[in-house]
Amino acid sequence: MRRLPVYLLLDTSGSMYGEPIEAVKNGVQTLIASLRQDPYALETAYISIITFSSNAQQITPLTELSAFQVPQIEANGCTALGEALELLAKKADAEVTKTTADVKGDWRPLVFILTDGNPTDDLNKGLAEFKKRKFGVVVACAAGQGASTDTLKQITESVVQLDTADSASLKQFFKWVTASISTSSKSVEESGGEVSALSELPPPPPEVNIVV
Amino acid sequence: MNTEKFLELLANGKNDTDFEEFLKFVSDKLWNQYNKHLMDEILMTENKVNGIALNLPNASENKPYEQTIDFGDTKIAIERVDGLSAETHGLNVTVCDDKKSFKIAGTPDLNPIRNAGTEIESTFELTVFYKYEGLCLPPKKPLLERKLQLVINQDPRYLWKNIPVDWEKMSDPKYEKEDADCQYVTVKALPDGTPQKDIVAASKRGRSHAQEGKPRDDDFQLYHDEQTNWYVIAVADGAGSAKFSREGSRLACNVTVEVCKKALSNCEKFEENINLWHIDQKSEDAGKLVSTDIYNILGKAAHKAHTEINAEAAREKNRPKDYATTLLLAICKKFDFGWFIASFWVGDGAMCLYDKENHTSVLLGTPDEGEYGGQTRFLTMPEIFANPTDFFSRLKCRIVPDFTALFLMSDGVSDPKFETDVNLNSTEKWNALWDDLKDNGVELTDDNEAAKEQLLNWLDFWAPGNHDDRTIAILY
């Protein structure tokens, strides 16, 4: 069966400490719980979580929803976004099945990046590795005013912004990510077509602004 | 020192009343202090125990589960665990003899909750009640607690909704169609008892359509001519993305079977040519005659269906692609020398002549598969008829002494059962399908009319990620 891999890249730097990181934890919890109730997602969506602070770490490898356990997430350190992109590229190589003559491989992975600051490491190296791979829709979210949307635009066309990184906005963001995963998994199962642009995802709620 | 001496010292020369007040004061103060100390101890212990990482993998409904959860702390004595029961969740919790661990075992079943009409959350909370060695617990808190979350994934079968199509509200043209259909064509055994092949077919709306309240887009049509003994079978799969494909598939089946029926009711010349071809299969002339006949019957049937779908689209001011459908069409007849089979195929799915005894399976054409799923070819596309070489390659015919079954199926069946084109060419896989049918309640015995319902039930088979409409027709 062709899986729909979903990578969540979450900023767990020191600035996320307190309300934001609690909101992220709740967000992930709710995301998993809701997707478990969705028959399309339950069968096709596989989720991985990569967190980045002073280093990037894959805290949950690509896991089917039914076996997924929400990991511990803590905030401290800097914002190694470049390293996170490099790790994403490496993990996608290892975890996503390629299509060959005999095997229908996985769908192209969806990627959601959430950050509240600017990268403290060298973004370019990771960015170059990331750009070499084929991903499906990649959405980068600037949580609050601390993250430069221009920097995120280097990663992907699809950049969204939250006015503040408070729990209400983050909750809405995760709700939208959940709906986007649902839509994508339905699309691949029903029509065999991948979602390839932000415009094909459900419209984001008012708290999530699309950066043009 | 005796007690009297001790009291005398403690009284410090005060009278009894004062001394009593003093003792009450000291006692209260110390007890408070002691209780506070206990509460601190309890809190610290609970924090410590709450911090123990426990391995509690997710359970899934209807899949056996057994897990021993070990605290790995020698001072813990588990009294009981609340939150799960065999009656409500299908899971038993038992504290192990050493009281340091407990076991969850059973096959999760959430139907009791489901049937009570409660919405099911997949996460369930367990409370572990325990004592801790060396820790004195006050009567108002005789046991410590640790909360745990156990995920029980619902069986996806229950997550799929079966929403009826709202035909009232369906925009025009409605092209009403039943969610399921099945048919059995009995061809009675000959007077001498020789059985004759029958046809059975079933078609069912896929779960992904049921989930959305959308109609079935597949269709089929069967025919047997009592006089000439020709069989005609058509299966069509309307494209999921095309708005009126349910009508496209219906027209594709009806029109082609109608054309074949007419052509085969009076086809002595065709049968003569088949005879000639049988006598000398290498003969180019005979081969040409037969291919021309097949073109005139199957090719024209396909073209007529294409034209009629276009005409319907024009009548309703829709685009022909809104009626996009695949078509698998086969005609066959038993002669003295064996069976003649001819076919036409456009789109995905599978059409196969299967011979169990001789261990052969022959695909009657090649499925049109795009590089990506869902990029198949459709009968509605004009390019199907534009190139004669390409069009002729869709027509096949052959003569075989006998066979076990002729299968026609939409990709809703062939995708989950075969997965890849390589497998479609594997006789092992066709053996597996034949056994699968037999082992799962489809009795393909002569004149068994009940097989149509059995086949319809069989179509409910479970394959994750495969919830398309399913249609299968079997001549056997």
Report task. Using ring pair (Phe, Tyr, Trp, His ring centres under 6.0 Å) as the criterion, list what pairs up with B:Y65, not counting sequence neighbours. Result -> none
Report task. Write out all pairs satisfying salt bridge (Lys or Arg N to Asp or Glu O under 4.0 Å) with one or both partners inside residues 25-36 of chain A, taking only residues at least two apart or from two chains. Result -> A:E22-A:K25
Query - Region of B:Q149 in contact with chain A, defined by heavy-atom distances below 4.5 Å - result: neither
**Report entry** Under 4.5 Å from any heavy atom of chain A - which part of B:I152
**Finding:** neither
Report task. Look at B:G206, B:A239, B:S122, B:A59 and state which one has the largest set of heavy-atom pairs under 4.5 Å with chain A. Result -> B:S122
Query raised in the report: Which of the residues B:T123, B:V151, B:N58, B:N423 is involved in the greatest number of heavy-atom pairs with chain A at under 4.5 angstrom?
Result: B:N58
**Report entry** Residues B:H209, B:W160; criterion ring-ring contact (aromatic ring centres under 6.0 Å, His included); working and verdict
**Finding:** CA-CA 10 Å; B:H209 284 177; B:W160 291 104; over 10 Å; no
Query raised in the report: With respect to B:K204, which candidate in B:D179, B:D219, B:D460 satisfies the salt bridge (Lys or Arg N to Asp or Glu O under 4.0 Å) definition?
Result: B:D460
